[in-house]
Amino acid sequence: MKLKHKDLLGLAHLAPEEIDFMLHTAVPFKKLFTRSIKKVPPLRGKTVAMLFYEPSTRTRTSFELAAARLSADVLSLAVSSSSVQKGETLMDTARNLEAMKIDFIVLRHSVSGAPELLARGVRAHVVNAGDGNHEHPTQGLLDLFTIREKKKKIQGLQVAIIGDILHSRVARSNIWGLTKLGARVRLCGPATLIPAEMKTAFGNNVDVTYNMKDALDGADVAYVLRLQLERQQENLFPSLREYHDFYGLDAKKLSWAKKDCLVMHPGPMNRGVEIDSSVADGPQSVILDQVTNGIAVRMAVLYLLAGSSEGAPPRAARNITGSESSSGRTG
């Protein structure tokens with residue numbers, strides 16, 4: 001199997017089997033870079049350009065490591081000191097990069113739809129690293145990978161997504177990915193932070209509640225979103241203290257979920273606001289696993305977009321791991 005798309009712009013338009021295929025491909029990559037030999041040659045001679053118009057630590061570093069471990073050359077453009085500050089458009093920047101024979105553009109942008117616009121105008125592969133309030137597809141994929149790694153399945157799971165859903169591209173990618181693979185999603189947060197269309201936009205597998213106990217009742221996964229403090233000036237909730245009292249995940253609220261409920265967070269965390277340290281660092285937390293898995297998933301995405309796969313795990317990874325790993329491809 002090959003991906004049908006030149007670019008990865010979001011999970012909304014991917015078929016379940018395409019999402020599953022990317023997760024399956026990431027398995028040997030994780031085994032590869034968590035062992036002594038961390039580098040394979042599939043992208044040798046290719047150049048990956050990092051074009052980030054918003055601040056990022058985890059996502060940018062993860063993509064840089066993923067590209068480097070596939071033996072690609074990495075070009076990180078400092079937008080704050082580039083010609084963008086002189087008025088150069090996104091498309092002109094990308095075309096200039098393409099004239100330098102780059103092969104991939106990893107784009108983070110504050111405007112929803114910017115990666116799609118870029119993909120239409122360049123021959124290079126475009127990977128959406130987060131656009132506005134639209135999607136963050138590789139975050140969604142690494143979260144799916146982590147859930148399936150820990151729970152051995154996704155189909156039939158109850159996943160509570162808690163917090164600032166209004167401004168969250170992470171939430172949207174996760175909802176698309178989870179529902180396509182058969183999970184049921186409960187959205188929870190203040191009414192001001194949950195768009196009305198969420199009740200209908202994603203079909204019958206998404207419920208909305210404003211009560212944490214209802215959201216966590218029987219939950220297999222508690223996914224806590226970062227509260228975007230920069231939005232506090234919009235007065236969408238009374239205070240940080242009240243937000244924490246009602247929607248901050250602490251040990252008491254976590255007890256309402258299943259005993260083996262996973263705790264997840266996309267980072268960076270506002271400790272003591274949307275999540276307590278005792279929960280973030282507790283035995284049910286897989287937050288650091290998400291960070292590790294992000295490299296494997298992004299390696300798989302770059303590898304597959306390059307057109308190197310015919311459906312089997314990468315040969316170099318098979319040689320190192322010793323077998324063609326299965327991820328249990330039933331969802």
Side-chain angles (χ1 to χ4, degrees), residues 133 139-140 143-144 146-148 150-151 153-228 231-232 235-266 269-280 282-287 290 331:
N133 296 338
Q139 180 71 46
D143 292 335
L144 292 169
T146 304
I147 293 170
R148 191 157 72 177
K150 300 299 182 181
K151 293 291 187 180
K153 65 175 186 177
I154 292 175
Q155 187 170 4
L157 294 182
Q158 295 276 356
V159 181
I161 300 180
I162 302 157
D164 186 0
I165 292 158
L166 175 65
H167 302 108
S168 179
R169 52 199 173 206
V170 171
R172 287 164 176 81
S173 286
N174 269 283
I175 295 168
W176 281 120
L178 287 164
T179 55
K180 285 173 183 285
L181 295 186
R184 188 164 189 88
V185 178
R186 295 174 186 158
L187 306 179
C188 181
T192 52
L193 293 179
I194 301 181
E197 65 268 18
M198 288 292 180
K199 295 182 179 180
T200 57
F202 297 96
N204 295 327
N205 286 330
V206 176
D207 300 314
V208 174
T209 180
Y210 309 112
N211 183 289
M212 278 281 278
K213 194 165 189 177
D214 292 341
L216 290 169
D217 183 32
D220 298 286
V221 179
Y223 196 105
V224 183
L225 298 170
R226 182 177 75 87
L227 183 61
Q228 301 192 28
R231 310 291 184 177
Q232 171 63 7
N235 298 316
L236 296 175
F237 49 89
S239 69
L240 294 180
R241 180 177 178 179
E242 286 183 277
Y243 182 90
H244 179 266
D245 288 345
F246 283 97
Y247 299 106
L249 188 64
D250 53 28
K252 179 181 177 180
K253 295 186 185 76
L254 184 58
S255 71
W256 298 335
K258 290 183 178 178
K259 290 184 179 180
D260 62 348
C261 178
L262 302 179
V263 173
M264 304 180 72
H265 193 296
M269 292 181 284
N270 297 304
R271 292 174 181 262
V273 180
E274 74 259 7
I275 190 168
D276 280 6
S277 290
S278 62
V279 174
Q284 292 169 251
S285 173
V286 294
I287 294 170
Q290 290 173 263

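All values below were derived from every heavy atom in this structure, side-chain atoms included, with hydrogens, water molecules and symmetry-related copies excluded. Note that the coordinates shown come from a computational prediction; the quantities given were computed from them, not determined experimentally.
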### Query
How many angstroms lie between atom NE2 of His167 and atom CG of Leu193, to the nearest 0.5 angstrom?
7.0 Å
### Query
Which heavy atom of Leu166 sits nearest a heavy atom of Thr192, and at what distance?
CD2-O, 3.6 Å
### Message
Pair Leu254, Leu249 - check side-chain contact (heavy atoms from CB on, under 4.5 Å), show working.
### Response
CA-CA 7 Å; Leu254 184 58; Leu249 188 64; 4.3 Å; yes
### Task
For the residue pair Phe237 and Glu242, establish whether any side-chain heavy-atom pair is separated by less than 4.5 Å.
no
### Beyond-backbone contact of Ile161 with Leu225, side-chain heavy atoms, under 4.5 angstrom
yes
### Query
Are any of the side-chain heavy atoms of Asn270 and Arg226 separated by less than 4.5 Å?
yes
### Taking every non-hydrogen atom, the tightest pair across Arg172 and Asn133
CD-O, 3.0 Å
### Query
What is the distance from atom CE of Met269 to atom CD1 of Ile287, rounded to the nearest 0.5 Å?
4.5 Å
### Query
Rounded to the nearest 0.5 Å, how far apart are NZ of Lys151 and CG of Leu157?
7.0 Å
### Message
Closer than 3.5 angstrom, by distance alone: can the side chain of Ser285 be matched with the main-chain N or O of Gly282 as a donor-acceptor pair?
### Response
no
### Message
Around atom CG of Asp245, are there more than 12 heavy atoms from other residues, nucleotides or ligands closer than 6.0 Å?
### Response
yes
### Task
Using a 4.5 Å cut-off on heavy atoms from C-beta on, say whether the side chain of Val221 contacts that of Leu178.
no
### Message
Counting only heavy atoms from other residues, nucleotides and ligands, does the tally under 6.0 Å from OH of Tyr210 exceed 12?
### Response
yes
### Task
Please test Met264 against Ile147 for side-chain contact (heavy atoms from CB on, under 4.5 Å), starting from the C-alpha separation and ending with a verdict.
CA-CA 9 Å; Met264 304 180 72; Ile147 293 170; 3.6 Å; yes
### Query
Is the side chain of Arg186 donor-acceptor paired with the backbone N or O of Ala160 at a distance under 3.5 Å, no angle test?
no
### Query
Which atom names give the shortest non-hydrogen contact between Tyr223 and His265, and what distance separates them?
OH-C, 4.3 Å
#### Entry: Residues in side chain to side chain donor-acceptor pair (under 3.5 Å) contact with Asp214, at least two apart in sequence or another chain
none
### Query
What do you reckon, is CZ of Arg241 surrounded by more than 12 foreign heavy atoms closer than 6.0 Å?
no
### Message
I'd like to know if the side chain of Asp220 reaches the main chain of Val159, judged simply by a donor and an acceptor atom lying under 3.5 Å from each other, with no hydrogens or angles considered.
### Response
no
### Message
Nearest 0.5 Å, please: how far is CG in Asn204 from OG1 in Thr179?
### Response
11.0 Å
### Message
Rounded to the nearest 0.5 Å, what separates atom CZ in Phe202 from atom CD1 in Ile175?
### Response
4.5 Å
### Task
Please report the C-alpha distance between Val185 and Asn174 in whole Å, then the side-chain angles of each, then the deciding distance to 0.1 Å, and finally whether the side-chain contact (heavy atoms from CB on, under 4.5 Å) criterion is met.
CA-CA 9 Å; Val185 178; Asn174 269 283; over 6 Å; no
### Summary
For Asp143 and Gln290 the tightest heavy-atom approach is OD1-NE2, 2.7 Å
## Note on the structure
Minimal heavy-atom distance between Val224 and Pro266, with the atoms involved, is O-CD, 3.2 Å
### Query
Can you tell if the side chain of Val279 reaches within under 4.5 Å of the side chain of Gln284, non-hydrogen atoms only?
no
### Task
Output the distance between atom CD1 (Ile162) and atom CG (Leu227), rounded to the nearest 0.5 Å.
13.0 Å
### Message
Do Tyr243 and Pro190 have side chains that approach each other closer than 4.5 Å (heavy atoms only, starting at C-beta)?
### Response
yes
### Query
If every non-hydrogen atom of Val206 is compared with every non-hydrogen atom of Met198, which pair is closest and at what distance?
CG1-O, 3.9 Å
### Message
Please check this pair: side chain of Asp276 against backbone of Ser278, looking for a donor-acceptor N/O pair closer than 3.5 Å.
### Response
no
### Message
Run Tyr247 and Met212 through side-chain contact (heavy atoms from CB on, under 4.5 Å) and show every step you take.
### Response
CA-CA 6 Å; Tyr247 299 106; Met212 278 281 278; 3.7 Å; yes
